[in-house]
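Inspection log for the structure reproduced underneath, given as structure tokens.
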Amino acid sequence: MKIDMNDVERVLVSEEEIKEICRRLGKEISKDYEDKKLLLVSVLKGSVPFMADLMRSITCDLRIDFMAVSSYSGTKTTGCVSFKKDLDINPAGYDILIVEDILDSGLTLAYLKQLLLDRNANSIKICTFLDKKANRKADINADYVGKEIPDEFVIGYGLDYDEKYRNLPFVGVLSPKVYADK
Ligand code: IMP
Ligand code: MG
């Protein structure tokens with residue numbers, strides 16, 4: 001079955017803009033981490049396309065790893081973060097850059113950051129593709145932001161609704177009619 005494009009209310013970040021954002025962030029990160037021991041930590045599953053694009057626009061030596069935590073159910077954050085997959089690499093001594101798809105309430109990243117802080121990483125910073133600042137509940141901010149967006153539920157480029165739409169090559173606003181009768 002094909003994705004119904006009527007489920008997308010409007011495009012928020014086009015494929016072209018995604019490329020520009022990754023190029024810009026890659027350049028900045030390459031400069032800042034030139035003399036560091038960089039470990040990119042992707043938060044599954046939403047950040048997979050962003051991780052793949054971002055890592056290829058970074059020119060310094062780096063390693064990658066994946067973690068899985070979640071605090072979302074449907075279109076609302078549950079406020080309760082659960083831990084699903086740990087790192088393979090011991091983060092002690094690394095300069096960690098957490099790669100996220102979207103920073104919303106901030107509860108997920110606050111939890112993750114604390115977890116990594118307890119493991120003797122050299123430094124921990126956050127790179128998020130999207131930032132929904134208006135909805136912040138935890139005291140947390142990203143060090144690198146792709147784009148600030150309004151408080152609307154978005155899909156595509158890794159972001160899902162009910163595990164769907166992650167493969168859309170752009171970011172779009174989910175039409176409220178999709179979840180209105182849920
Ligand atoms: P936070 O803990 O509220 O900051 O939630 C962050 C996580 O919630 C993100 O990594 C996403 O997986 C998910 N999320 C937040 N906003 C959206 C959205 O608009 N669309 C899809 N997923 C979202
Ligand atoms: Mg996520």
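Keep in mind the model is a prediction, meaning the values are calculated, not measured. Counting starts at 1 for both ligands and their atoms, in listed order.
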Checklist outcome for this item: In ligand 1, the atoms that come under 4.0 Å of a heavy atom of D101 are 9 (C), 10 (O), 11 (C), 12 (O)
Item to check | Pairing residues for A138 by the side-chain contact (heavy atoms from CB on, under 4.5 Å) criterion, not counting sequence neighbours | outcome: L107, A110, I140
Checklist entry - With a 4.0 Å cut-off on heavy atoms, does K137 reach ligand 1? => result no
Side-chain donor/acceptor pairs under 3.5 Å, residues 119-126, sequence neighbours excluded:
residue	atom	partner	partner atom	Å
R119	NH1	D86	OD1	3.2
R119	NH2	D86	OD1	3.1
R119	NH2	D86	OD2	2.9
N122	ND2	D95	OD1	3.0
S123	OG	D95	OD1	2.6

Next on the checklist: Less than 3.5 Å apart, any donor N or O on the side chain of D53 or Y157 sitting next to an acceptor on the other?
Outcome noted: yes
Next on the checklist: Could you tell me, atom by atom, which parts of ligand 1 come under 4.0 Å of a heavy atom of L159?
Outcome noted: 21 (C), 22 (N)
Next on the checklist: At less than 4.0 angstrom from any non-hydrogen atom of E100, what atoms of ligand 1 do you find?
Outcome noted: 10 (O)
Checklist entry - Hey, is CG on D118 packed in by over 12 heavy atoms from elsewhere, all under 6.0 Å? => result yes
Checklist entry - Can you check whether F153 has an N/O within less than 3.5 Å of an N/O in ligand 1? => result no
Item to check | Element-labelled atoms of ligand 1 that are located less than 4.0 Å from some non-hydrogen atom of K132 | outcome: 16 (N), 17 (C), 18 (C), 19 (O)
Checklist entry - Under 4.5 Å between any side-chain heavy atoms of I29 and L38, yes or no? => result yes
Checklist entry - Does any donor atom in the side chain of Y144 or D32 lie under 3.5 Å from an acceptor atom in the other side chain? => result yes
Checklist entry - Relative to the heavy atoms of D160, which atoms of ligand 1 are at a distance of less than 4.0 Å? => result 21 (C)
Checklist outcome for this item: Per side-chain contact (heavy atoms from CB on, under 4.5 Å), I155 is matched among L174, D162, I3 by L174
Item to check | Contact with ligand 1 for G46, non-hydrogen, under 4.0 angstrom | outcome: no
Checklist entry - Which ligand 1 atoms, with their elements, are less than 4.0 angstrom from a heavy-atom of T108? => result 1 (P), 2 (O), 5 (O), 6 (C)
Checklist outcome for this item: Note: ligand 1 atoms sitting under 4.0 Å from heavy atoms of E152 are 19 (O)
